[in-house]
Amino acid sequence: MKYTQLGRTGLKVSRLVLGTMNFGPQTDEAGSHAIMDAALEAGVNFVDTANVYGWGENKGRTEEIIGSWLAGSPDRREKVVLATKVYGNMGVDGEHWPNHDRLSAVNIRRAVEASLRRLRTDHIDVYQFHHVDRRTPWEEIWQAVDVLVQQGKVLYAGSSNHAGWHIAQANETAARRGSLGLVSEQCLYNLAERRAEMEVIPAAQAYGLGVIPWSPLHGGLLGGAIRKERAGGAARSTSGRSGDALRDTALREQVQAYENLVEKHGLEPGEVALAWLLSRPGVTGPIVGPRTREQLDSGLRAVELELGEELLAELDAIFPGPGPSPEAFAW
């Protein structure tokens with residue numbers, strides 16, 4: 001496994017991030033633990049989750065599965081960089097009380113204590129804001145986080161799904177308070193969705209945030225979706241984001257060109273998509289959310305895959321980025 005610093009921090013993390021959104025809804029506890037065992041054995045030390053994972057009446061279940069795995073061996077917690085998120089409503093039995101979501105100081109305090117209980121740990125390494133809270137000032141958010149840092153319950157703060165100007169606003173506010181501020185941004189970023197390059201990634205680089213792309217295969221679109229469709233493969237390859245995208249004629253043509261290119265080079269499409277992200281400036285590591293051991297192994301192979309300049313240029317030709325900001329849209 002290869003490692004890098006998380007943004008401007010001294011924290012070393014693996015270049016592959018183990019996403020856990022499927023733990024519970026798609027993969028049972030035993031299967032989830034087996035994937036986590038294999039990931040740790042392979043050197044993956046960065047584990048990402050969120051308090052709402054499990055979804056619906058089972059939200060919080062994913063953190064519980066991770067917590068039971070951490071409790072199963074005394075050395076696991078010390079080897080793992082554990083990241084979770086706060087924002088979504090965590091009211092029980094369908095209740096939606098007004099202060100059980102977003103980023104108020106009240107909810108941050110409540111949510112972190114609940115996550116610590118489910119995760120069976122005394123601290124969270126990277127506590128991430130799952131979405132922008134347009135109603136809560138950053139002064140309040142940082143005051144709440146500073147208390148948690150002083151208590152040793154949180155070490156670093158990160159963001160997810162934030163715009164470039166949100167990152168700037170957050171870290172300028174933190175600087176005025178003498179706080180460290182955001183150290184990572186988790187954003188939608190892949191070959192087929194490159195808008196993050198226009199503002200989010202430049203802002204993250206300028207403020208020293210590690211970029212953690214989610215949905216690196218764009219919901220399976222970049223994992224050989226057309227090939228699987230023709231072979232009568234997994235229904236998941238033609239549903240959700242991937243299925244919607246394949247109904248777009250222009251995008252379908254891009255994906256077909258991509259699959260043809262990858263096949264010409266004798267490579268696997270999903271592994272190329274991950275390796276491409278690993279080659280991008282500012283990227284710490286993509287989040288892979290394996291449902292099976294085989295999917296994890298594919299992600300691990302991508303870390304070792306080096307893409308040549310010719311192939312990178314061909315990928316750019318198929319999936320061109322938005323260009324530099326502001327030149328790309330200013331003239």
Side-chain angles (χ1 to χ4, degrees), residues 17 19 21-22 25-26 55 130-132 160-164 185-202 211-283 286-292 295 298-299 302 305 307 310-330:
V17 183
M21 190 168 65
N22 288 319
Q26 299 289 335
W55 310 109
H130 210 163
H131 192 53
V132 178
S160 181
N161 306 309
H162 281 47
E185 161 60 18
Q186 204 176 115
C187 59
L188 176 61
Y189 184 38
N190 55 58
L191 267 168
E193 176 49 84
R194 295 179 60 173
R195 284 177 292 180
E197 293 176 3
M198 189 171 288
E199 295 281 358
V200 175
I201 293 175
V211 175
I212 307 170
W214 62 266
S215 196
L217 304 187
H218 207 59
L221 184 73
L222 300 171
I226 294 177
R227 183 179 68 185
K228 292 174 184 177
E229 180 185 65
R230 288 175 176 162
R236 188 173 182 267
S237 68
T238 55
S239 64
R241 184 181 295 114
S242 177
D244 292 341
L246 288 179
R247 285 186 279 275
D248 181 324
T249 302
L251 185 53
R252 187 182 182 92
E253 290 176 356
Q254 285 179 293
V255 174
Q256 184 63 71
Y258 171 68
E259 292 189 14
N260 293 343
L261 173 65
V262 170
E263 184 178 8
K264 183 182 77 172
H265 285 270
L267 300 170
E268 286 297 317
E271 293 170 22
V272 170
L274 291 171
W276 179 83
L277 280 170
L278 288 164
S279 76
R280 304 305 298 168
V283 169
I287 297 174
V288 294
R291 289 174 288 121
T292 65
Q295 291 175 343
S298 177
L305 180 60
L307 304 181
E310 179 184 349
L311 179 53
L312 288 170
E314 290 175 304
L315 291 171
D316 268 338
I318 296 172
F319 295 110
S325 176
E327 291 84 356
F329 57 80

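Worth saying up front: this structure is predicted, and the values here are computed from it rather than measured. For the numbers below, each heavy atom of this structure counts, side chains included, while hydrogens, waters and symmetry mates do not.
Here Arg227 pairs with Glu268 in a salt bridge; the nearest charged N to carboxylate O distance falls below 4.0 Å. Using a cutoff of 4.0 Å between basic side-chain nitrogens and carboxylate oxygens, Glu229 and Arg252 are scored as salt-bridged.
Taking each heavy atom of Glu259 and Ala225 in turn, the nearest pair found is OE2-N, 3.1 Å. Across Ala192 and Phe319, no two heavy atoms sit closer than the pair CA-CD2, 4.0 Å. Shown here for Ser215 and Gly219, the closest heavy-atom pair between the two residues is OG-N, 3.1 Å. Between Gly323 and Ala328 the shortest heavy-atom distance is C-CB, 3.7 Å. Shown here for Arg195 and Pro322, the closest heavy-atom pair between the two residues is CA-CG, 4.4 Å. Residues Glu185 and His162 share a closest heavy-atom pair of OE2-N, 3.2 Å.
Atom OH of Tyr258 and atom CG of Leu221 lie 9.5 Å apart (nearest 0.5 Å). Rounded to the nearest 0.5 angstrom, Glu197 CD and Cys187 SG are separated by 10.0 Å. Here the straight-line distance linking atom CG of Leu251 with atom CD of Gln256 works out to 12.0 Å at 0.5 Å rounding. In this structure, the separation between OG1 on Thr292 and CD on Gln26 is 11.0 Å, given to the nearest 0.5 Å. Distance check, rounded to the nearest 0.5 Å: CZ of Arg291 to CE of Met21 gives 10.5 Å.
By the salt bridge (Lys or Arg N to Asp or Glu O under 4.0 Å) test, Glu271 pairs with Arg301, sequence neighbours left out.
Taking 4.5 Å as the limit, every side-chain heavy atom of Pro213 sits out of range of all side-chain heavy atoms of Asn190. Proximity of His130 to Asn161: side-chain heavy atoms (C-beta onward) are separated by under 4.5 Å at one or more points.
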Between Leu217 and Val288, is a side-chain contact (heavy atoms from CB on, under 4.5 Å) present by the stated rule, with each step listed? CA-CA 9 Å; Leu217 304 187; Val288 294; over 6 Å; no
- Message: Could you go through Leu311 and Glu314, starting from their C-alpha distance and side-chain angles, then the distance that decides it, and tell me whether this counts as side-chain contact (heavy atoms from CB on, under 4.5 Å)?
- Response: CA-CA 5 Å; Leu311 179 53; Glu314 290 175 304; 4.0 Å; yes
Check: Do Phe329 and Met198 pass the side-chain contact (heavy atoms from CB on, under 4.5 Å) test, and can you show the C-alpha distance, the side-chain angles, and the key distance before you say yes or no?
Finding: CA-CA 9 Å; Phe329 57 80; Met198 189 171 288; 3.6 Å; yes
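With Leu191 as reference, Leu315 is the one residue of Asp316, Val255, Leu315, Ile318 to meet the side-chain contact (heavy atoms from CB on, under 4.5 Å) rule.
Atom CD of Glu327 sits in a crowded spot, with more than 12 heavy atoms from other residues, nucleotides or ligands closer than 6.0 Å.
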Listing, residues 272-282 side-chain donor-acceptor contacts under 3.5 Å, not counting sequence neighbours, or none:
| residue | atom | partner | partner atom | Å |
| --- | --- | --- | --- | --- |
| Ser279 | OG | Trp276 | O | 2.6 |
| Arg280 | NE | Tyr189 | OH | 3.3 |

